[in-house]
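Below is one structure, written out as structure tokens; comments come after it.
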Amino acid sequence: MRMILVGPPGAGKGTQASRLVETYRIPHISSGDLLRAAVKEGTPLGVEADKHMKLGHLVPDEAMIGMILERVAQKDCDKGFMLDGFPRTRPQAQALDDAMKAAGFEIDAVVLIEVPDALLVERAVGRRTDPVTGTIYHLKYNPPPADVVDRLVHRKDDTVEAVTTRIQKYHSETAPIIPYYLDKAILKRVDGVGDPDAITQRITAVLSS
Ligand code: AP5
């Protein structure tokens with residue numbers, strides 16, 4: 001299974017991906033996580049990406065396309081992968097298709113997790129991530145256990161200002177990939193509001209239909 005999770009910031013892509021990879025046994029490739037690792041390591045890509053990310057802007061296509069195509073060409077992706085956060089622009093979607101075609105593969109499904117804008121800021125601002133286990137918590141909706149609270153990370157781009165910009169960028173730059181995948185008849189829409197377990201069930205249902 002070669003699939004993509006698409007949705008606005010805070011839609012629950014990371015939350016759902018961590019559950020779905022256990023079912024589908026494919027690597028979860030989060031473009032945001034790869035970028036945050038590069039920022040932490042202080043690589044040239046990380047230094048450049050950090051300038052864009054903290055403002056809530058997209059990292060330029062050239063950098064993103066190279067990074068992700070290199071990752072999906074690795075051995076552990078031979079039987080499939082779950083992309084989370086890539087592609088995010090039409091040029092990225094086209095570059096991924098070209099690379100898949102050249103390798104003799106195609107994308108099987110694109111799952112669009114739909115959540116109204118009004119819920120997204122609260123979801124992102126209340127998010128905390130455990131750097132040891134990678135678990136994603138929410139102060140209100142999925143509160144962390146007391147023994148991990150002190151080590152949790154609040155992302156630099158999870159401020160009201162940056163999330164508001166990220167939502168705007170989603171509508172202006174990422175939403176245009178939706179008709180692109182609709183035309184290919186591989187887009188599956190899923191309601192991302194409700195209990196995370198119910199959303200996982202909705203996603204597995206559309207993927208098996
Ligand atoms: P990235 O890390 O990809 O961030 P994002 O797409 O904005 O998505 P988020 O990680 O914010 O949210 P999510 O949908 O994964 O939600 P989560 O499950 O955590 O990208 C960050 C930045 O990197 C970008 O802004 C850009 O600068 C750059 N970048 C990355 N990829 C790029 C690309 N391809 N091109 C250019 N630039 C790129 O959930 C959020 C919160 O909600 C959590 O607290 C969670 O507990 C809670 N939650 C989840 N589900 C529910 C639910 N059902 N009900 C209530 N709360 C819920």
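Counting starts at 1 for both ligands and their atoms, in listed order. If you're wondering where the values come from, they're calculated on a predicted model, not measured in any experiment.
Contact atoms of ligand 1 toward Y137: 43 (C), 44 (O), 46 (O) (distance under 4.0 Å to a heavy atom of the residue). Numbered from 1 in the order shown, with element, the atoms of ligand 1 that lie under 4.0 Å from a heavy atom of Y141 read 55 (C), 56 (N). Using a 4.0 Å cut-off to heavy atoms of G14, the atoms of ligand 1 that qualify are 13 (P), 15 (O), 18 (O). Near G85, the atoms of ligand 1 lying under 4.0 angstrom from a non-hydrogen atom of the residue are 31 (N), 32 (C), 33 (C), 34 (N). The H57 neighbourhood of ligand 1 comprises atoms 26 (C), 27 (O), with distances under 4.0 Å to a heavy atom of that residue. Every atom of ligand 1 with a heavy atom of Q92 under 4.0 Å away is listed here by number and element: 33 (C), 34 (N), 35 (N), 36 (C). Annotation for ligand 1: atoms under 4.0 Å from non-hydrogen atoms of R36 are 2 (O), 21 (C). Of all atoms in ligand 1, listed by their number and element, those nearer than 4.0 Å to a heavy atom of L35 are 23 (O), 28 (C), 29 (N), 30 (C), 38 (C).
A salt bridge does not link K184 to E106: none of the charged side-chain nitrogens sits closer than 4.0 Å to a carboxylate oxygen. Looking at D98 and K101, no side-chain N of the basic residue comes within less than 4.0 Å of a carboxylate O on the acidic one, giving no salt bridge. Between K51 and E48 there is a salt bridge, since at least one side-chain N of the basic residue sits less than 4.0 Å from a carboxylate O of the acidic one. No salt bridge links R202 with D195; every basic N to acidic carboxylate O contact stays at or beyond 4.0 Å. For D158 and R128, the salt-bridge test fails: no basic side-chain N is under 4.0 Å from an acidic carboxylate O.
For Q16, the closest heavy-atom approach to ligand 1 does not fall below 4.0 Å. For the ligand labelled ligand 1, residue G194 lies inside the 4.0 Å heavy-atom shell. At least one heavy atom of A11 sits less than 4.0 Å from an atom of ligand 1.
In this structure, D76 and P27 approach most closely via the heavy-atom pair O-CG, 3.3 Å. When all heavy atoms of D84 and A17 are compared, the closest pair comes out as OD2-CB, 4.4 Å.
At a heavy-atom distance under 4.0 Å, only side-chain atoms of I199, from C-beta outward, approach ligand 1. Contacts between R127 and ligand 1, counted as non-hydrogen atom pairs separated by less than 4.0 Å, involve both the backbone and the side chain. The part of R155 lying near ligand 1 is the side chain, judged by heavy-atom distances below 4.0 Å. Neither the backbone nor the side chain of R128 comes within 4.0 Å of ligand 1, counting heavy atoms alone. Here D158 has no heavy atoms under 4.0 Å from ligand 1, in either its backbone or its side chain.
The N/O atoms of D33, backbone and side chain alike, include none that comes under 3.5 Å of an N/O atom in ligand 1.
V148 shares a hydrophobic cluster with Y137, L152; the chain of contacts runs through ILVMFWY side chains whose heavy atoms sit under 4.5 Å apart.
Note that the NZ atom of K13 and the CD atom of Q16 stand 11.5 Å from one another [nearest 0.5 Å].
Residues satisfying the salt bridge (charged side-chain N to carboxylate O under 4.0 Å, His left out) criterion with K40, sequence neighbours excluded, are absent altogether.
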